[in-house]
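For reference, the structure discussed in these notes is given below.
A, B, ... follow the sequence lines: proteins, then strands. Residue 1 opens every chain. Quick note: numbers below take in every heavy atom, side chains included, and nothing from hydrogens, waters or symmetry partners.
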Number of protein chains: 2
Amino acid sequence: MKTATRPYHHGHLRQALIDMAVTVAEETGKDLISVREVARRLGVSSGAPFRHFPDRASLMTAVAEEATLRLRIHVEGALRKAPAAPLERLKTLGHAFIRWALQHPTQFRLVSSRRLFDFDSSPSLQLHFSSVRDTTLALVDQAVRQGTLPAGCVNELALALRALAYGLARMQVDGQLPQWQVPMAQAEQHLCRALDRIVDGLAQPPERTPVARISASRPRP
Amino acid sequence: MKTATRPYHHGHLRQALIDMAVTVAEETGKDLISVREVARRLGVSSGAPFRHFPDRASLMTAVAEEATLRLRIHVEGALRKAPAAPLERLKTLGHAFIRWALQHPTQFRLVSSRRLFDFDSSPSLQLHFSSVRDTTLALVDQAVRQGTLPAGCVNELALALRALAYGLARMQVDGQLPQWQVPMAQAEQHLCRALDRIVDGLAQPPERTPVARISASRPRP
DNA sequence: ACCTGAACACCGTTCAAGT
DNA sequence: ACCTGAACACCGTTCAAGT
């Protein structure tokens, strides 16, 4: 039930615009939402949004801020239930990243592309992004230190693993998976298995036989 | 110098539209070009393009066809000068893929996103895409067969390696690399090194010390 | 302080009319 | 057969005017 003939006129329009922008984005699947449509759906005039955001890019920045926070929370939630082994945690992080991307494809595309809003202008965006990145870096560092991942530049390896998860998620979000014989229905499992395949392939000790117990004490010359 | 007062009026407008669309796209960096601007730059009326393409998406499909062919030619050219070892060829393929993406970011984004045009409607698009994919699959298959890559589903491993190259390229194209401490100037080298890091990490025989000589003699039942 | 609604300069697309 | 240019229904953004 709306409040009579003058429903809006005031209220917390700013937040309503952000929420409706997300709704419209995920509904239409388009990267560029129409601020006029967002205004129309909220029952306000076409000029109203510009009292809260200087332009569409600023609105998209606000949307990206919230989406990045949700991605961070999703990933952190998954890690809370994960085992302690760094490699297992890395896989869990990757799975959570992929899962969130597939469930919120338009938001995922938005937060991934620095070209649709102004990343540098938003401290909260930078904070939430860095948090996930730092978690990745820390896990890779632990794995390298304990010898379960091959030695070398941590930054470089973390970048590669992030790119792997990002690439897998984006191939689905961009609609490429049909050309790789991956049925849409089990896309998530397929992508997570592909990720595990690489991580397990990189893992140092086969831990098949408890004989060797390699490195862990043999960092680098 | 333009040809007097009636420069156009006829000609091979269809091809001119495709070429100008590429120019405008790479110039503006926007995913969605304006067909009005393309027409304007060619000196034709705003309705002229629609005599050759039913809508903008069809024009973008034509652009994507040519871009995909160029990507294919670039990759095949690189492989022609590459060594014979499957793993080396896989790395070369990845490097060429990344290099082309960084040199033609807007075309790369276009061909990567099945959402900006109609992939299924274009046989040539499918042909050129499949060619690069099949080359990847064949190389992974060879490497697995000769034991330099770990055994398992070839399709899955090839998908993962393609996702790795795709993710690395896209992180740069989407503007994420500054947040990963990668200086723009040496982006390409950094990305190629990250790729090599994973491929080398997956390679089966460490061939460092002849001591262990793990598996490599345990192909498949 | 916030919102409206007309206005401006753009779009993609259509289509009668021209050559 | 190909192109023009007006027309239509949209945009993002601005801004005087309203509450």
Side-chain angles (χ1 to χ4, degrees), chain A residues 2-25 27-64 106 110 113 115-118 121, chain B residues 2-25 27-64 106 110 113 115-118 121:
Chain A
K2 315 217 171 117
T3 29
T5 48
R6 303 276 127 194
Y8 249 91
H9 243 355
H10 326 284
H12 42 296
L13 180 56
R14 197 194 131 93
Q15 188 59 44
L17 287 165
I18 297 174
D19 297 342
M20 186 57 80
V22 172
T23 302
V24 171
E27 214 168 85
T28 66
K30 304 216 146 205
D31 287 329
L32 261 30
I33 55 115
S34 156
V35 13
R36 273 185 117 108
E37 183 179 355
V38 171
R40 208 183 302 122
R41 290 222 208 176
L42 290 171
V44 296
S45 75
S46 63
F50 296 93
R51 202 61 38 178
H52 298 270
F53 299 99
D55 49 29
R56 180 175 58 183
S58 299
L59 171 57
M60 296 317 277
T61 302
V63 172
T106 307
L110 174 63
S113 181
R115 299 168 45 268
L116 296 174
F117 54 86
D118 188 10
S121 77
Chain B
K2 313 206 170 130
T3 29
T5 49
R6 302 277 126 192
Y8 248 90
H9 242 356
H10 327 284
H12 42 296
L13 182 55
R14 196 194 131 92
Q15 189 58 45
L17 287 166
I18 298 175
D19 296 342
M20 186 58 80
V22 172
T23 302
V24 170
E27 214 167 86
T28 66
K30 305 216 146 205
D31 287 328
L32 262 28
I33 55 113
S34 155
V35 13
R36 274 185 117 107
E37 183 180 355
V38 171
R40 208 182 301 121
R41 290 222 207 176
L42 290 171
V44 296
S45 74
S46 63
F50 296 93
R51 203 61 38 181
H52 299 266
F53 300 99
D55 49 28
R56 181 175 57 183
S58 299
L59 172 55
M60 296 316 277
T61 302
V63 172
T106 308
L110 174 63
S113 181
R115 298 169 44 268
L116 297 175
F117 55 86
D118 187 11
S121 77

task = Can you figure out which of dG5(C), dG12(D), dT4(D) approaches the side chain of S45(A) most closely?
result = dG5(C)
message = For DNA chain D, which residues of residues 46-54 of chain A approach it to below 4.0 angstrom with any heavy atom?
response = S46(A), G47(A), F50(A), R51(A), P54(A)
query = Does R56(A) have a side-chain nitrogen or oxygen under 4.0 Å from the phosphate oxygens OP1 or OP2 of dG12(D)?
reply = yes
Sub-4.5 Å side-chain heavy-atom contact between V22(A) and T106(A) = no
query = Could you give the CG-to-P distance, from L17(B) to dG12(C), as a whole number of Å?
reply = 13 Å
request  = Grab the NZ-C1' distance between K30(A) and dC11(D) for me, whole Å please.
outcome  = 12 Å
query = How is L59(A) classified with respect to the nucleic acid when contacts are heavy atoms under 4.0 Å: base, sugar-phosphate, or nothing?
reply = nothing
inquiry  = So, does R40(A) get its side chain near the phosphate of dC11(D), meaning an N or O under 4.0 Å from OP1 or OP2?
reply    = yes
With S34(B) via side-chain hydrogen bond (donor to acceptor under 3.5 Å, both in side chains) - residues at least two apart = none
query = How would you list all residue pairs meeting side-chain hydrogen bond (donor to acceptor under 3.5 Å, both in side chains) that involve residues 42-56 of chain B, not counting sequence neighbours?
reply = D55(B)-S58(B)
request  = Send over the distance from H12(A) NE2 to dA1(C) C1', rounded to a whole Å.
outcome  = 17 Å
task = Measure the CG-CZ distance between L59(B) and F53(B) for me, rounded to the nearest 0.5 Å.
result = 5.0 Å
request  = Can you measure from CE (M20(B)) to CD1 (I33(B)) and round to the nearest 0.5 angstrom?
outcome  = 11.0 Å
query = Please give, in whole Å, the distance from dG12(C) C1' to D55(B) CG?
reply = 9 Å
inquiry  = Applying a 4.0 Å non-hydrogen cut-off, can you work out what L32(B) is touching in the nucleic acid: base, sugar-phosphate, or nothing?
reply    = nothing
message = Enumerate the salt bridge (charged side-chain N to carboxylate O under 4.0 Å, His left out) contacts for residues 32-47 of chain A, please, sequence neighbours excluded, ordered by first and then second residue.
response = E27(A)-R41(A), E37(A)-R41(A)
ask   = Given Watson-Crick or G-U pairs with both distances under 3.5 Å, what dot-bracket string fits DNA chain D, with | for other-strand pairs and [ ] for crossing?
value = ||.|||||...|||||.||
key: Side-chain heavy-atom pair T61(A), S121(A) within 4.5 angstrom cut-off   = yes
Residues in side-chain contact (heavy atoms from CB on, under 4.5 Å) contact with F50(B), at least two apart in sequence or another chain = V35(B)
query = Can you tell me how far P of dT4(D) sits from CZ of R36(B), to the nearest Å?
reply = 13 Å
ask   = Rounded to the nearest 0.5 Å, what separation is found between the CD1 atom of I18(A) and the OG1 atom of T23(A)?
value = 12.0 Å
